[in-house]
Amino acid sequence: QVQLVESGGGLVQAGGSLRLSCAASGRTFSSYGMGWFRQAPRKEREFVAAVSWSGGSSYYADSVKGRFTISRDNAKKSVYLQMNSLKPEDTAVYYCAAARADNLYPGDYEYPGKYDYWGQGTQVTVSS
């Protein structure tokens with residue numbers, strides 16, 4: 001069982017930065033691939049970024065490539081999302097998710113159905 005708690009959301013002006021954190025409970029954090037998803041009002045949840053269990057591989061949605069960076073610290077059981085050059089269209093609730101690494105292939109990270117555990121989300125609002 002893994003519990004995930006996101007933090008770091010808030011209100012920022014366009015062009016600004018935020019760093020989201022996701023703290024995990026449980027002893028097997030390093031056995032999970034980790035992802036960030038977001039959901040804007042009246043839209044479906046969409047993939048943002050993901051990182052493999054070791055941190056050796058990372059994946060990004062085209063819309064955030066070059067602006068967002070995902071990282072993890074297995075010793076701290078945490079995953080992070082550094083968001084730079086934020087745009088109003090980045091406004092959404094951001095969710096952290098965990099997927100068992102032995103059930104993941106490189107092409108799987110963008111699919112919400114592959115994830116076993118989800119956090120409650122943190123709101124990010126970017127004003128123009």
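- Within the cation-pi definition used here (under 6.0 Å to the ring centroid, within 45° of the axis), R45 qualifies as a partner of Y95.
- A24 and V2 make their closest contact through CB-CG1, 4.2 Å (heavy atoms, listed as atom of the first residue, atom of the second, distance).
- Taking the ring centroids of W53 and F29, they lie at or beyond the 6.0 Å cut-off.
- For the atom pair SG (C96) and CG (L20), the distance works out to 9.5 Å, reported to the nearest 0.5 Å.
- By the rule that hydrophobic residues join a cluster once side-chain heavy atoms approach within less than 4.5 Å of another member, V93 and V12 end up as members of separate clusters.
- Looking only at distances, no side-chain donor or acceptor of N74 sits under 3.5 Å from a matching main-chain atom of K77.
- The two residues S78 and A23 have their closest heavy-atom pair at OG-CA, 4.1 Å.
- Between A14 and S128, the shortest heavy-atom contact is CB-CA, 4.4 Å.
- For the pair C22/Y80, no side-chain contact is recorded, criterion being any heavy-atom separation below 4.5 Å from C-beta on.
- Under the 4.5 Å side-chain criterion, counting only non-hydrogen atoms from C-beta, M83 is in contact with V124.
- With ring centers used as reference points, F37 lies under 6.0 Å from Y115.
- Once rounded to the nearest 0.5 Å, the distance linking OG1 of T125 with CD of Q13 reads 13.0 Å.
- Atom CD of Q39 and atom CD of Q123 lie 11.0 Å apart (nearest 0.5 Å).
- Looking only at side-chain heavy atoms (C-beta outward), N84 and Q82 come within less than 4.5 Å of each other.
- Screening Y111, W36, Y59 for a side chain to side chain contact (heavy atoms under 4.5 Å, CB included) involving F47 leaves a single residue, Y59.
- The shortest side-chain heavy-atom distance between S7 and R19 does not fall under the 4.5 Å cut-off.
- With contacts defined as side-chain heavy-atom distances shorter than 4.5 Å, the pair M34/L4 qualifies.
- Using the six-membered ring where Trp is involved, Y32 and Y117 have ring planes that are perpendicular, over 60° apart on the 30 and 60° scheme.
- The two atoms that bring S52 and R72 nearest to each other are O-NH1, 2.9 Å, heavy atoms only.
- Inter-residue side-chain proximity for E89 and T91 is flagged as unmet; no heavy-atom pair is nearer than 4.5 Å.
- Once rounded to the nearest 0.5 Å, the distance linking CZ of R38 with CG of L81 reads 9.5 Å.
- Annotation: side chain of L18 is in contact with side chain of L86 (closest heavy-atom distance under 4.5 Å).
- By the 6.0 Å contact criterion, CD on Q3 is open, its count of non-hydrogen atoms from other residues, nucleotides or ligands being 12 or less.
- Separation of atoms CG (L104) and OG (S57) is listed at 11.5 Å; rounding is to 0.5 Å.
- Residues P106 and Y109 share a closest heavy-atom pair of O-CD1, 3.6 Å.
- With rounding to the nearest 0.5 Å, the separation of CZ in R100 from OG in S31 is 10.0 Å.
- Put simply, the side chain of R67 reaches to within 4.5 Å of the side chain of K87, judged on heavy atoms.
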Report task. Run the numbers on Y60 and V48 for side-chain contact (heavy atoms from CB on, under 4.5 Å), then give the verdict. Result -> CA-CA 6 Å; Y60 297 92; V48 176; over 6 Å; no

